[in-house]
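All residue numbers refer to positions in the sequence shown, counting from 1.
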Amino acid sequence: MASAAITLAAEAPKLSSANTGFMLIASALVLIMTPGLAFFYGGMVRVKSTLNMLMMSFISMGVVTILWVLYGFSMSFGTDHGSLIGWTGDFVGWAGIDKMDLWPGYTIPVFVFAVFQMMFAIITPALISGALADRVKFSAWTLFLVLWATIVYFPVAHWVWGTGGWAFELGVIDFAGGTAVHINAGAAALGVILVIGKRVGFKKDPMRPHSLPLVMLGAGLLWFGWFGFNAGSWLGNDDGVGPLMFVNTQIATGAAMLAWLAYEKIRHGAFTTLGAASGAVAGLVAITPSGGAVSPLGAIAVGAIAGVLCAAAVGLKFKFGYDDSLDVVGVHMVGGIAGSLLIGLFASGKGQSDVKGLFYGGGMHQFWIQCAGVFGVLAYSLIASAILAFILDKTIGMRVSEDEEVSGIDQAEHAETAYDFSGAGGGAVKSTVPAGVGAASKKVDA
């Protein structure tokens with residue numbers, strides 16, 4: 001018996017300081033994506049909505065953190081119940097987790113896995129906010145965060161990544177969140193905006209980004225943090241899959257940016273900075289589910305296809321009349337769908353598993369499995385999110401008043417403005433402006 005015990009002890013996974021350190025760094029990288037998203041979105045709105053856009057992302061860092069500790073981690077990664085939800089009592093409040101407990105089958109502590117997944121839970125609802133710019137009460141948004149994370153994100157995370165979840169057991173490949181994060185958030189955004197309606201002046205007034213440098217800064221932070229988001233999702237670096245995902249993340253993002261810019265030049269005649277930033281994000285979204293399954297050449301294909309599809313999709317809101325303020329549907333939902341389904345075509349069988357796509361001799365089997373995961377998550381998130389928005393709109397009200405929206409949601413909801421120009425002149429200067437000009441200038445759209 002003693003020898004058997006020794007053998008079992010030797011075979012049991014031991015904590016790896018290298019993998020643990022890597023995962024802590026990856027967790028921090030994923031967290032920085034949420035402020036990056038705040039800047040990305042914040043630069044794309046008009047001046048009068050900048051702070052509100054930043055706050056809609058930042059509040060998720062507080063709200064979802066607490067929910068995740070209290071019950072979100074248990075719902076997402078606890079013991080499976082009916083292939084729909086998880087629950088483990090020891091995970092509630094993290095009260096039953098010891099600092100040396102290892103995540104089953106891995107060499108990192110449960111705490112490290114839990115905090116890494118916490119960062120995913122934080123950024124996913126924040127992604128939705130870009131579709132709702134300029135018009136949603138901050139209190140209503142905060143309550144929506146609580147309800148959406150509980151009713152939509154936590155169960156969907158279990159479906160996709162939790163042992164026993166229906167998508168996980170079906171064999172849906174989602175390396176780091178094409179379904180659970182991007183399709184989930186994009187479909188939710190569509191569901192909410194169909195309920196709350198358009199911004200005042202949609203398709204009539206100019207609603208151009210007020211700060212493209214902020215957009216580029218945000219895109220850069222997202223690109224940087226996404227390496228932790230993607231490569232970290234393998235939970236270690238013992239077999240080369242994490243490095244493959246890291247490499248493919250860079251390759252697909254570059255390809256998508258170039259493809260978006262090429263489409264933009266052909267269609268609209270210019271290479272824009274907004275197009276470069278949006279194309280990069282589209283590539284990051286598309287490679288998120290697929291990067292562990294495709295080769296580097298496959299990553300080029302995934303990125304290029306997603307770049308063109310997303311560039312074309314952002315214009316659909318004008319054709320169909322839904323006001324997706326910052327193109328969450330066009331980039332995240334469409335990009336997530338593209339990246340997830342392309343696994344069924346480009347999976348090489350030499351990455352995270354031996355599953356092969358159509359172009360590598362695997363037929364259409366995996367493609368249909370991916371379809372089940374994609375459209376199952378899309379339908380649930382769209383319907384559930386629309387219902388939540390409808391309930392909130394009919395009870396506490398989702399939107400600010402029309403006057404507050406026109407005058408500026410920053411001042412109405414936060415009693416602040418993003419930029420203070422009162423001291424810009426450097427001193428008192430006698431006005432030489434003719435009477436009436438100042439009053440006229442107040443009419444200029446902020």
Those residues that, when tested against [X], pass side chain to side chain contact (heavy atoms under 4.5 Å, CB included) (two or more places apart):
X	answer
S407	none
L309	I305, V334, A338
A185	T124, L127, I128
A140	K137, I396, M398

Test log, rule side-chain contact (heavy atoms from CB on, under 4.5 Å), inputs S76 and F73
CA-CA 5 Å; S76 300; F73 180 57; 5.7 Å; no
Donor-acceptor side-chain pairing of [X] and [Y] below 3.5 angstrom:
X	Y	value
H158	Y153	no
W68	Q117	no
S325	R135	yes
T79	T88	yes
T50	Y419	no

Distance check, rounded to the nearest 0.5 Å: [X] atom [atom1] versus [Y] atom [atom2]?
X	Y	atom1	atom2	value
F113	M118	CZ	CE	12.5 Å
I173	T179	CD1	OG1	11.5 Å
Q411	L51	CD	CG	9.5 Å
I343	Q352	CD1	CD	7.0 Å
T34	I123	OG1	CD1	4.0 Å
I97	F111	CD1	CZ	5.0 Å

Does anything in residues 305-326 pair up under ring-ring contact (aromatic ring centres under 6.0 Å, His included), and if so which pairs, sequence neighbours excluded?
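ring-ring contact (aromatic ring centres under 6.0 Å, His included) check on residues 305-326 returns F202-F318.
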According to the ring-ring contact (aromatic ring centres under 6.0 Å, His included) rule, which pairs have a member within residues 370-397, sequence neighbours left out?
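Found W159-Y380.
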side-chain contact (heavy atoms from CB on, under 4.5 Å) between L70 and V92: does it pass, once the steps are laid out?
CA-CA 5 Å; L70 293 179; V92 176; over 6 Å; no
Would T249 and L284 satisfy side-chain contact (heavy atoms from CB on, under 4.5 Å), going step by step from the backbone distance to the final call?
CA-CA 6 Å; T249 298; L284 290 164; 3.8 Å; yes
For H268 and W260, what are the C-alpha separation, side-chain angles and deciding distance, and is it a ring-ring contact (aromatic ring centres under 6.0 Å, His included)?
CA-CA 11 Å; H268 304 294; W260 186 301; over 10 Å; no
Under the ring pair (Phe, Tyr, Trp, His ring centres under 6.0 Å) test, residues paired with H414 that sit two or more places apart
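With neighbours one apart ignored, the set is F138.
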Excluding sequence neighbours, so at least two apart, what forms salt bridge (charged side-chain N to carboxylate O under 4.0 Å, His left out) with E405?
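Listed in chain order: R399.
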Please name all residues satisfying side chain to side chain donor-acceptor pair (under 3.5 Å) with E404, sequence neighbours left out, ordered by chain then number.
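By the side chain to side chain donor-acceptor pair (under 3.5 Å) rule, E404 matches S401.
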Output all residues satisfying side chain to side chain donor-acceptor pair (under 3.5 Å) with S83, sequence neighbours left out; order by chain, then residue number.
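With sequence neighbours excluded, S83 shows a side chain to side chain donor-acceptor pair (under 3.5 Å) to no residue whatsoever.
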Is a donor on one side and an acceptor on the other found under 3.5 Å between the side chain of [X] and the backbone of [Y]?
X	Y	result
Q370	S340	yes
S129	P125	no
D393	G397	no
D174	G178	yes
S60	M56	no
N52	I409	no
S381	N184	yes
H332	H182	no

Contact summary for [X] and [Y], nearest pair of heavy atoms:
X	Y	result
A180	V156	CA-CG1, 3.9 Å
I300	A255	O-CB, 3.6 Å
W148	A188	NE1-CB, 3.4 Å
P296	N248	CA-OD1, 3.3 Å
L382	A187	CD1-O, 3.4 Å
V329	G186	CG2-O, 3.7 Å

Is the number of heavy atoms from other residues, nucleotides or ligands within 6.0 Å of NE2 (H365) greater than 12?
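Not buried by this count: 12 neighbours or fewer within 6.0 Å.
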Atom CZ of residue position F39 - does it have more than 12 heavy atoms of other residues, nucleotides or ligands inside 6.0 Å?
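Not more than 12 within 6.0 Å, no.
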Apply side-chain contact (heavy atoms from CB on, under 4.5 Å) to the pair F367 and L342, showing each step before the final yes or no.
CA-CA 8 Å; F367 180 83; L342 288 172; over 6 Å; no
Review item, side-chain donor-acceptor pairs of residues 270-282, under 3.5 Å, at least two apart:
from	atom 1	to	atom 2	distance (Å)
T272	OG1	E264	OE1	3.0
T272	OG1	E264	OE2	2.7
T272	OG1	G275	N	2.8
S278	OG	L274	O	2.9

ring-ring contact (aromatic ring centres under 6.0 Å, His included), that's the test. Do F91 and F77 meet it? Break it down for me.
CA-CA 9 Å; F91 292 169; F77 292 98; 8.8 Å; no
Name the atoms and distances for all side-chain donor-acceptor pairs under 3.5 Å in residues 193-200, with sequence neighbours left out.
from	atom 1	to	atom 2	distance (Å)
K198	NZ	G321	O	3.3
R199	NE	D323	OD1	3.2
R199	NE	D323	OD2	2.8
R199	NH1	D134	OD2	3.4
R199	NH2	D323	OD1	2.8

Please work out which of the three classes, parallel, tilted or perpendicular, describes the rings of [Y] and [X], given edges at 30° and 60°.
X	Y	result
W161	F120	perpendicular
F227	F246	parallel
F359	F346	perpendicular

Per the side-chain contact (heavy atoms from CB on, under 4.5 Å) rule, which among L132, V192, V136 passes with F144?
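Among L132, V192, V136, the one meeting side-chain contact (heavy atoms from CB on, under 4.5 Å) with F144 is V192.
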